[in-house]
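Here's the structure we're looking at; comments come further down.
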Number of protein chains: 2
Amino acid sequence: MDYDIVGYIAGTLTTFASLPQLIKSMKEKDLRSISLPFVITFTTGLLLWLIYGLIKKDYPIIVFNILSLMFWVPITYLKIKETLSKKLI
Amino acid sequence: MDYDIVGYIAGTLTTFASLPQLIKSMKEKDLRSISLPFVITFTTGLLLWLIYGLIKKDYPIIVFNILSLMFWVPITYLKIKETLSKKLI
């Protein structure tokens, strides 16, 4: 049996899990309980995973991380914006 | 040159990124801006990644996902607890 399917389901879950988070954050414009160091470090890590996938020509890693970045770059942007706006008040 | 180091740095970043999130959530006991479907789906995905790693005997996948689960299981628990307590009010 080919167990690769388990990896594809796992990757689909950990990737698309972030879609409801992005929708919630965009809708509510409230990210107070999300950690700034978390989103910055996580998004940087996703970018490094993408670079790793490109070096290794590993297409599942490339595709999953491009998708994840599409969710986490805007979340990170919203969190940085919220943090800066609070510091300015 | 061995590019595996890029993967290890990427995995370390995406894994340990979650530590400040766990600390913040435990300290503030506020997870309102974190999405319930996100944490449940993400944690389920991490568990599947762990199963995949065990099947493939891929030790970096096993180690990174055990660590991630150590951060995300308590975050998920706190989020479910918060959601249930709000529904009871």
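Values in this document were obtained by computation on a predicted structure and should not be read as measured data. What's counted below: heavy atoms across the whole structure, side chains too, no hydrogens, waters or symmetry copies. Numbered from 1 within each chain, the chains take letters A, B, ... in sequence-line order.
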* Greatest number of heavy atom pairs closer than 4.5 Å to chain A - which of B/Gly45, B/Gly11, B/Ala17 -> B/Ala17
* With a 4.5 angstrom heavy-atom cut-off, which part of A/Ile34 approaches chain B: side chain, backbone, both or neither? -> both
* Asked: Is B/Leu22 reachable from B/Phe64 through a run of hydrophobic residues whose side-chain heavy atoms are each under 4.5 Å from the next?
  -> no
* Asked: About how many Å separate CD1 of A/Ile9 and CD1 of B/Ile51, when rounded to the nearest 0.5 Å?
  -> 10.5 Å
Can you pull every donor-acceptor pair closer than 3.5 Å across chain B and chain A?
from    : atom 1 : to      : atom 2 : distance (Å)
B/Asp4  : OD1    : A/Lys56 : NZ     : 2.6
B/Thr14 : OG1    : A/Trp49 : NE1    : 3.1
B/Gln21 : OE1    : A/Ser35 : N      : 2.7
B/Gln21 : NE2    : A/Ser33 : O      : 3.0
B/Lys24 : NZ     : A/Arg32 : O      : 3.0
B/Arg32 : N      : A/Ser33 : OG     : 3.3
B/Arg32 : O      : A/Lys24 : NZ     : 2.9
B/Ser33 : N      : A/Ser33 : OG     : 2.8
B/Ser33 : O      : A/Gln21 : NE2    : 3.0
B/Ser33 : OG     : A/Arg32 : N      : 3.3
B/Ser33 : OG     : A/Ser33 : N      : 2.7
B/Ser33 : OG     : A/Ser33 : OG     : 2.5
B/Ser35 : N      : A/Gln21 : OE1    : 2.7
B/Trp49 : NE1    : A/Thr14 : OG1    : 3.1
B/Lys56 : NZ     : A/Asp4  : OD1    : 2.6

* Structure fact -> If one checks every heavy atom of B/Ile55 against chain A at 4.5 Å, the contacting part turns out to be side chain
